[in-house]
Undergrad: 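This structure is in structure tokens; I'll ask about it shortly.
Note that the numbering runs from 1 along the sequence shown for the chain. Just so you know, ligand 1 is whichever comes first in the structure, and atom 1 is the first atom listed for that ligand. Both backbone and side-chain heavy atoms feed into the values below; hydrogens, waters and symmetry mates do not. Just so we're clear, the structure is a prediction, and the values are computed from it rather than from any experiment.
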Amino acid sequence: MQAEVESTFIGTANHGYGQHAQEEIRRLFGQGCKFGMLVPAEIFIFTLPVDKEEATRRLLEQEPMFLRHIQPVDARQTWNGGSMDELVELVRTTKVLSLEEGAATAVQVRKTEQVGSELSPAGCKQAIDRVLAERFGTVAVVKDAKWTVSVYLTAAEVYLGLSRPEHNLSDWSGGAVRFRKEEGQVSRAKFKLLEAERVFGLDFSQYRSAIDIGAAPGGWTSLLLERGLRVTAVDPAKLDKELLRNPRLTFLQKNAGDVKFPENSFDLLVCDMSWSPRQMARLVKELLYALQSGGTAVITVKLLHKKPFQTVREMLEDVQPELMLQKAKQLFHNREELTLFLVKA
Ligand SMILES: C[S@@+](CC[C@H](N)C(=O)[O-])C[C@H]1O[C@@H](n2cnc3c(N)ncnc32)[C@H](O)[C@@H]1O
């Protein structure tokens, strides 16, 4: 029997983690969820047995770890390969868009590989921006939008949705957070910590003193130094030479199991060790005396053997009760791992 109310969304996860995102959604909404695949192991369409508001509320309140981005599907239209004219006509006539004059509106367009190159996301975005400006008098923006108009194109269908950007789990198109690579950037790993700062709503400049466990070559350390912190970097491997000149850096070229600090030395602990999660958890736990009560920890967890839920559960059991989980998220810049934001009790 069909549910009386339902809502449809497109969900995006990191490649290889689509099934895990679907499992989390099923746990939240029960067996009444229906899924269809758009891009294997990554992007999927799903219908929930509750209305759009209720669905959004629950997904925000109990945000799934592996669901990077959602966009509502308020209208869908079948087409044969698609054309710009058809797309423009749909946006011009659809009843599901209702926007106030002057509203800052971000149009985000994605498509599957099977859609022809004449429908480029950038070209479609420009065309839709124009139609919305003519139809409603909206102002096209990329960031700080009041509304996001999300469009997803496949060879068979076009999906259209309207939402507040903060209801999409990420205000970046598909949750693909892009940072500009800087000249002389020590490592790409820096993007992970930059993304964690945004996604977890942290402001590292508000901290005083950090310990970076597994710091080499020094991407995370470089970000924390840029934010003005004193940083103690611990790693048996070498740190970038340029960083070593920074007077606010202390580098201990050692295994994390062999270092000692005065109690409460740090208000921030970060750890990006590509290592077995449980051994990493044990090392972190042994160093927690050096993190002040109320201090923050940001930790990446390697997902081994494709059992991510169990890996996270065990890792958390190892560091509790001293560390309390605030949020666990697979970030766009995480590969076979996810990132935890925790606070010391
Ligand atoms: C992925 S890299 C860290 C990248 C770093 N976050 C960056 O931004 O450049 C992992 C690091 O963990 C270090 N590591 C592994 N086991 C360690 C241990 N027991 N103690 C300290 N560091 C360790 C490795 O030497 C390696 O440099």
Side-chain angles (χ1 to χ4, degrees), residues 14 177-200 202 204-205 207 209-246 248-261 265-266 268-291 295-304 308 311-312 314-315 318-319 323 328-342:
N14 285 4
V177 186
R178 311 265 177 201
F179 298 108
R180 191 164 307 163
K181 192 165 187 309
E182 301 147 1
E183 208 169 310
Q185 185 170 316
V186 177
S187 72
R188 285 192 65 80
K190 181 179 181 182
F191 291 147
K192 277 194 283 190
L193 194 59
L194 265 171
E195 189 181 351
E197 188 181 31
R198 284 186 57 134
V199 169
F200 299 142
L202 299 167
F204 290 136
S205 66
Y207 293 81
S209 179
I211 175 168
D212 183 356
I213 307 170
W220 286 30
T221 286
S222 72
L223 176 65
L224 298 174
L225 290 169
E226 279 165 32
R227 293 284 188 267
L229 280 78
R230 277 185 280 115
V231 180
T232 299
V234 183
D235 201 308
K238 284 204 173 89
L239 218 57
D240 177 80
K241 278 205 196 84
E242 284 298 312
L243 288 181
L244 294 175
R245 297 170 200 246
N246 192 310
R248 280 182 284 106
L249 172 69
T250 305
F251 177 39
L252 303 174
Q253 193 165 6
K254 287 183 174 178
N255 186 303
D258 299 331
V259 291
K260 282 271 168 294
F261 305 98
S265 299
F266 310 106
L268 176 65
L269 179 153
V270 298
C271 177
D272 182 33
M273 237 158 43
S274 315
W275 222 28
S276 132
R278 300 205 77 170
Q279 282 170 303
M280 182 268 290
R282 190 178 47 76
L283 277 179
V284 167
K285 196 171 173 101
E286 281 170 9
L287 287 172
L288 282 180
Y289 68 90
L291 182 65
T296 294
V298 176
I299 299 176
T300 48
V301 181
K302 276 266 149 219
L303 298 175
L304 304 167
T311 304
V312 174
E314 286 175 357
M315 194 265 157
D318 289 344
V319 296
L323 287 182
K329 196 80 200 171
Q330 187 168 52
L331 306 174
F332 175 64
H333 289 97
N334 282 144
R335 292 291 166 248
E336 301 294 310
E337 60 189 16
L338 51 73
T339 304
L340 307 183
F341 161 34
L342 309 114

Undergrad: Check each of Ile213, Asp272, Leu225, Val186 against Trp220 using the side chain to side chain contact (heavy atoms under 4.5 Å, CB included) test, and report the only one that passes.
TA: Asp272

Undergrad: In plain terms, say whether Arg282 and Asp318 are close enough for a salt bridge, that is, a side-chain N and a carboxylate O under 4.0 Å apart.
TA: no

Undergrad: Any N/O of Ile213 closer than 3.5 Å to an N/O of ligand 1?
TA: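 Such a contact does not occur with ligand 1.
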
Undergrad: Between Ala256 and ligand 1, which part of the residue brings a heavy atom under 4.0 Å of the ligand: side chain, backbone, both or neither?
TA: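 Under 4.0 Å from ligand 1, Ala256 contributes backbone and side-chain atoms.
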
Undergrad: Are any of the N/O atoms on Met273, whether in the backbone or the side chain, positioned under 3.5 angstrom from an N/O atom of ligand 1?
TA: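 Looking only at distances, the answer is no, because the N/O contact criterion of under 3.5 Å is not met.
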
Undergrad: Taking non-hydrogen atoms only, is Leu283 closer than 4.0 angstrom to ligand 1 via side chain, backbone, both or neither?
TA: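 Looking at Leu283 and ligand 1, just side chain atoms fall under 4.0 Å.
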
Undergrad: Would you say ligand 1 has an N or O under 3.5 Å from any N or O of Lys254?
TA: no

Undergrad: Which option, Ala216, Gly219, Gly218, Ser222, owns the non-hydrogen atom nearest atom 4 (C) of ligand 1?
TA: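 Selected option, by shortest heavy-atom distance: Ala216.
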
Undergrad: Parallel, tilted or perpendicular: which one describes the rings of Phe191 and His333, with boundaries at 30° and 60°?
TA: tilted

Undergrad: State whether Arg278 and Glu314 are salt-bridged, where the test is any N-O pair (Lys NZ or Arg NE/NH1/NH2 against Asp/Glu carboxylate O) under 4.0 Å.
TA: yes

Undergrad: Would you say Trp275 has any N or O atom under 3.5 Å from an N or O of ligand 1, going by distance alone?
TA: no

Undergrad: Which residue from Asp235, Leu223, Asn255 reaches closest to atom 26 (C) of ligand 1 through any of its heavy atoms?
TA: Asp235

Undergrad: Quick one: does Gly257 get a heavy atom under 4.0 Å from ligand 1?
TA: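 Distance cut 4.0 Å: Gly257 fails for ligand 1.
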
